[in-house]
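Remember, it's a predicted structure, so these values are computed and weren't measured experimentally. A, B, ... follow the sequence lines: proteins, then strands. Residue 1 opens every chain.
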Amino acid sequence: MADYNPQEIEAKWQKRWEEARVFETEADPSKPKYYTLEMLPYPSGTMHMGHMRNYAIGDVVARVKRMRGFNVLHPMGWDAFGLPAENAAIKNNTHPRVWTNNNIGEFQRTLRRFGFSYDWRREISTCEPEYYRWNQWFFQRMLERGLAYRKKSRVNWCPKCCTVLANEQVINGGYCWRHEDTLVESRELEQWFLKITAYSDQLVDDLKQLEGTWPERVITMQRNWIGRSQGARVKFEIADLSSVKPIEIFTTRIDTTYGATAIILAPTHPLVTRLLQGSPVREQAEPQLARMRQTSVKTADLVTAEKVGFFTGRHATNPFSGEKIPIWVGNFVLMEYGTGAIMAVPAHDQRDFEFCRKYGLPIRVVIQPSSGEPLVEEKMTVAFDEHQNGRLVNSGPFNGLSPDEAIAKMTAFAEKKDFGRGEVVFRLRDWGISRQRYWGTPIPVVYCPDHGLQAVPDKDLPVLLPPNPNLTGEGESPLASTPEFVNTTCPKCGGQARRETDTMDTFVDSSWYFYRYCDPHNDKAPFDSTKVAYWFPIDQYIGGITHAILHLLYSRFWCKVMRDLGLVNHNEPISRLFTQGMVLKGGVAMSKNRGNVVGAIDMAEKYGADTGRLYTLFAAPPEKDLEWNEEGIEGSWRFLNRVFRLVDKHAGAIRATRNWNFDSKGMTDKERDLIRVAYQTMQRVTQDFETRWHFNSAIAQIMELTNEIYLAEPLENGVRPEIRKEVLQILTLLLAPMTPHIAEEMWEMLGNTDGLWNAPWPILANEQLELAKDNEVEIPVQVNGRVRATLKVPADANELDVVAKAKAEPAVARHIDGKRIVKQIYVPDKLLNLVVQ
RNA sequence: GCCCGAGUGGCGGAACUGGCAGACGCGCUAGCUUCAGGAGCUAGUGAUCGCAAGGUCGUGGAGGUUCGAGUCCUCUCUCGGGCACCA
């Protein structure tokens, strides 16, 4: 009798897998491929059970597919650049590379300890020049095509990170994504941008391809983030200043133009200063403008701030009606969106309504609801902004049209008269990638006093990070104070030149890393396109919902750029996305900062990797958050011990037994029952793995099978050896994707000399399917929907027999005696319901 | 404000297309075993009335459809998440 010793067993099989190179894969067009991966981790601190759950889910997928005969690519790597490494290095007076590589070592050791089936030869680390040189190479391609450009603009600056953030990294209306309590400031800086907006339309349209295979909420979040709105641009001439060009406004409701009672400009609109020149209200207006421009810096406050504004003293002409309406400046109009100017239609837009009420501007109804009380201006308390329901009024020749008809007709009219046109506007902004920090990919350009901006030629890539930077964590990029980095020569004239000292956002690294796994050691190109063509698109991607916008949007963008460069031939990189839940402790996500982590290595040492894997899969369905419970893991540990004891007890006697040939002649009832349960469990578990991803209920089924076998003990009594072996082997195979080490060990104990890694996933033969069928079923008998008895009848019993038998049941008879049966519902093998009066 | 998602025992969670609600596990109770602790094994465990047989209630709440609803429809409450003066 041996005890279950996970430490020994796990080390033994990890070594065997490595020696047999079980998880190493090559592209092979003769086999069906399956590319699955989990989002690459940022190696900070140590791994906790939250990480582990993610990889456990991914490993089940990879192992099941492998057993199903797919050529499976399952790689792992490190998102190794980033601020925490730099900050930690400053704090501990070391180099970011040292800190990062220590962590990578720790992470790698932990992942190996858990026996995840990665092809480690393909491991990548984004902070290595072999990797980041291709970031630079891509940057040059984008620069050539105008997709990378430099401009001075207002950008988000995090005072704690001491760097610029992308719009996607600003959360909760103005806070840093890493420092959730730190307000982002607005600064005017020269920055590098990637022109993701060139792909706005495609990024929205192609979301349709992902419907059904990506979580709906990720698609919705991306759609909202890109924020495409169909509308129109309309010109309003400035009545008092004919020499100044007309004001252009953007609206999605051109049908309400007759109801416009003011034009409102953003405080930073370039026209504002010109309008105030010589204006009768200039004296009062200018201080207000100054105040507004100042307060607009804090974007977070905008949300709650009250609407304020002032009159410019000028008027504009409504191109439809010819009416003169006042031009105002309002703090709620954003320069960044649309044209930075709007027409205020207080009757049909809530914001305009509030603004106009406050400043006594008139309200004019131009859409009357088709049903209910007609609107009366003086009595309105909110704007009427529906456009499904209503008809135009007070709108000249457009009266009587529905808003949708009016939008089409009025846009056409504006185009004909040349004062407006239909336009699509996006919320998405270009991706600001400049970061004023050291630990990232250097942006590969130089500035020559004579030739200006020059790209570093491909042959000179990579532009390496200097080994000994001067890290302070303050002010401008550390690269700027590293003379041996900054001072260089112009690639055009060879004269003195200065390098760009900003580095790239680390989201550049993760935008294409999964392509590199296909060809990780290529030193001629980012990857060989034929290899990528074999593996891509990714069949299954697994990660947290936190990346719903950032990483997953950038990756989609990058894919489209690569397609246009002729490097890949697909539109979307990821066919199927799964977003798993977090592991919580005390109701919040595990994180080092909060000090509520359960270390993965600690768990492996205490219970073994298999128990840790099993528990994270069993405790909750994978998409849900999981509250960590130390008592729960004990249950998984007990279960594995129970299974191990069972196999250990029988192994000696059946080790040499030949596999059963499914001959059902002369089977005892006990044998039949056991085999049936085993095969039924197989069918259900297969379903749970393949189509439903219900790992938790798959495990519950396997536990039930184990309980059934225990109840049938002693098996030696009436169960022949080959059937004992069949049942125990099925139990072992079903566990293999989740708890691979103990499964291998038991497989060997049962007399198999060929590793379990070579075993195919069991698919039931016809004889087995026959044996899996129930020959007797239990049918609940209801009277008026209440269960009164349960009948045991043969499968496929006919209705008359069942009804007769049911009526004979005393508990049924009691409820139908003296009453009339008005209806009889019989669902074969399911239930019988008698409706009486 | 807008858009998603979720509400089932003491707890984590099952329930495929409407068909015995609470599988499986944790915890708890009792018994066996043990010097003891631990482990293991067996039985029980939604609430409620009843000595029992048996009955009634029960999936956040209120209605509805149906022979039958956790599941479908309408309204509503609570929690979680995302976006947010986006014109």
Side-chain angles (χ1 to χ4, degrees), chain A residues 171-174 215-225 227-229 231 249-253 256 264 266 299 302-307 330-334 336-345 348-352 354-355 385 425-428 545-546 548-549 587 614-615 618-621 623-636 638-639 641-642 645 684 687-688 691-692 694 696-704 706-707 710-711 713 778-790 811 814 822-827 829-836:
Chain A
I171 58 167
N172 299 334
E216 203 184 296
R217 60 180 176 146
V218 174
I219 293 177
T220 309
M221 281 162 74
Q222 290 212 2
R223 196 170 277 137
N224 289 344
W225 184 261
R228 176 162 67 186
S229 43
I249 61 104
F250 176 75
T251 178
T252 55
R253 295 294 305 273
T256 63
I264 307 178
T299 43
L302 271 182
V303 183
T304 46
E306 206 195 329
K307 289 175 183 49
N331 65 341
F332 68 103
V333 179
L334 307 173
E336 303 80 54
Y337 187 77
T339 58
I342 62 161
M343 60 175 188
V345 184
H348 305 293
D349 181 286
Q350 187 58 27
R351 290 155 301 173
D352 299 347
E354 287 166 25
F355 189 83
D385 54 12
V425 159
F426 295 91
R427 213 187 74 104
L428 184 68
I545 186 73
T546 37
I549 299 177
L614 187 71
Y615 177 63
F618 177 58
E623 69 278 8
K624 276 189 75 169
D625 287 349
L626 183 167
E627 175 66 35
W628 183 260
N629 172 359
E630 195 73 30
E631 281 164 342
I633 197 169
E634 294 277 355
S636 296
R638 279 201 285 272
F639 169 68
N641 273 282
R642 204 165 136 83
R645 276 200 308 276
R684 293 191 193 129
Q687 270 237 326
D688 280 345
T691 53
R692 311 197 309 157
H694 288 190
N696 55 334
S697 61
I699 294 167
Q701 301 279 353
I702 298 171
M703 286 173 168
E704 278 186 81
T706 309
N707 291 345
Y710 262 95
L711 285 174
E713 286 279 24
E778 283 196 353
I779 292 188
V781 180
Q782 302 179 332
V783 178
N784 288 349
R786 283 178 191 281
V787 181
R788 298 300 177 181
T790 320
R814 191 153 18 115
V822 292
K823 201 163 182 182
Q824 172 178 310
I825 292 111
Y826 179 64
V827 185
D829 295 347
K830 273 279 166 63
L831 111 172
L832 174 68
N833 188 8
L834 302 171
V835 185
V836 298

Expected string for nucleotides 9-16 of chain B under the B/S/- scheme (protein heavy atoms, under 4.0 Å, primed atoms plus P, OP1, OP2 as sugar-phosphate) is ---BSSSS
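- Across B:C85, B:G19, B:A87, the shortest atom-to-atom separation from the side chain of A:L831 is found for B:G19.
- Residue A:R638 places no side-chain N or O under 4.0 Å from the OP1 or OP2 atom of B:G38.
- Pairing partner, B:A47: B:U56, with both Watson-Crick or wobble hydrogen-bond distances short of 3.5 Å.
- For A:W628 and A:Y615, the gap between ring centers is short of 6.0 Å.
- The partner of B:C26 is B:G10, judged by Watson-Crick or G-U wobble contacts that both fall below 3.5 Å.
- Between B:G25 and A:N707, a contact under 4.0 Å exists linking OP1 or OP2 to a side-chain N or O.
- In this model, the phosphate group of B:G25 is not approached by any side-chain N or O of A:R642 to a distance below 4.0 Å at OP1 or OP2.
- Looking at A:D349, its side chain never comes within 3.5 Å of a backbone N or O of A:A344 through a donor-acceptor pair.
- Side-chain to base pairing of A:N833 with B:C67: one donor and one acceptor N or O lie within less than 3.5 Å of each other.
- Between A:R645 and the phosphate of B:A39, there is no side-chain N or O to OP1/OP2 separation shorter than 4.0 Å.
- Checking B:A23, B:A87, B:G55 against the side-chain heavy atoms of A:Y337 singles out B:A87 as nearest.
- Note on A:V822: nothing from the nucleic acid sits closer than 4.0 angstrom, heavy atoms only.
- Along RNA chain B, the nucleotide closest to A:R253 and the one closest to A:G632 are compared, and the more 5′ of them pairs with A:G632.
- In this structure, A:V835 and A:A811 both approach RNA chain B, and ranking their closest nucleotides by distance from the 5' end singles out A:A811.
- Among the protein residues, A:G227 comes within range of no part of the nucleic acid, since none of its heavy atoms lies under 4.0 Å from any strand.
- Nucleotide B:G31 forms a pair with B:C41, judged by Watson-Crick or G-U wobble geometry with both contacts under 3.5 Å.
- Put simply, CG on A:N696 and CG on A:L626 are 10.0 Å apart, with the number rounded to the nearest 0.5 Å.
- Taking a pair to require two hydrogen-bonding distances under 3.5 Å in either a Watson-Crick or a G-U wobble arrangement, B:C83 pairs with B:G1.
- Below 30°, between 30° and 60°, or above 60°: for A:F250 and A:Y337 the angle between ring planes is above 60°, a perpendicular geometry.
- Counting non-hydrogen atoms under 4.0 angstrom, A:T339 reaches nothing in the nucleic acid.
- A sub-4.0 Å separation between OP1 or OP2 of B:C4 and a side-chain N or O of A:R223 is absent.
- Here A:R427 reaches the OP1 or OP2 of B:A84: one of its side-chain N or O atoms lies under 4.0 Å away.
- Within 4.0 Å of A:R351, counting heavy atoms only, lies at least one base atom of the nucleic acid.
- With B:C24, B:C85, B:C83 as the candidates, the nucleotide lying closest to the side chain of A:A700 is B:C24.
- A:R786 comes within contact range of the sugar-phosphate backbone alone, with a heavy-atom separation under 4.0 Å but no base atom that close.
- When heavy atoms are screened at a 4.0 angstrom cut-off, A:Q701 is found touching no nucleic acid atom at all.
- Look at A:S229 and you'll find a side-chain N or O under 4.0 angstrom from OP1 or OP2 of B:A87.
- With a 6.0 Å radius and a threshold of 12 heavy atoms from other residues, nucleotides or ligands, A:Q350 has its CD atom above the threshold.
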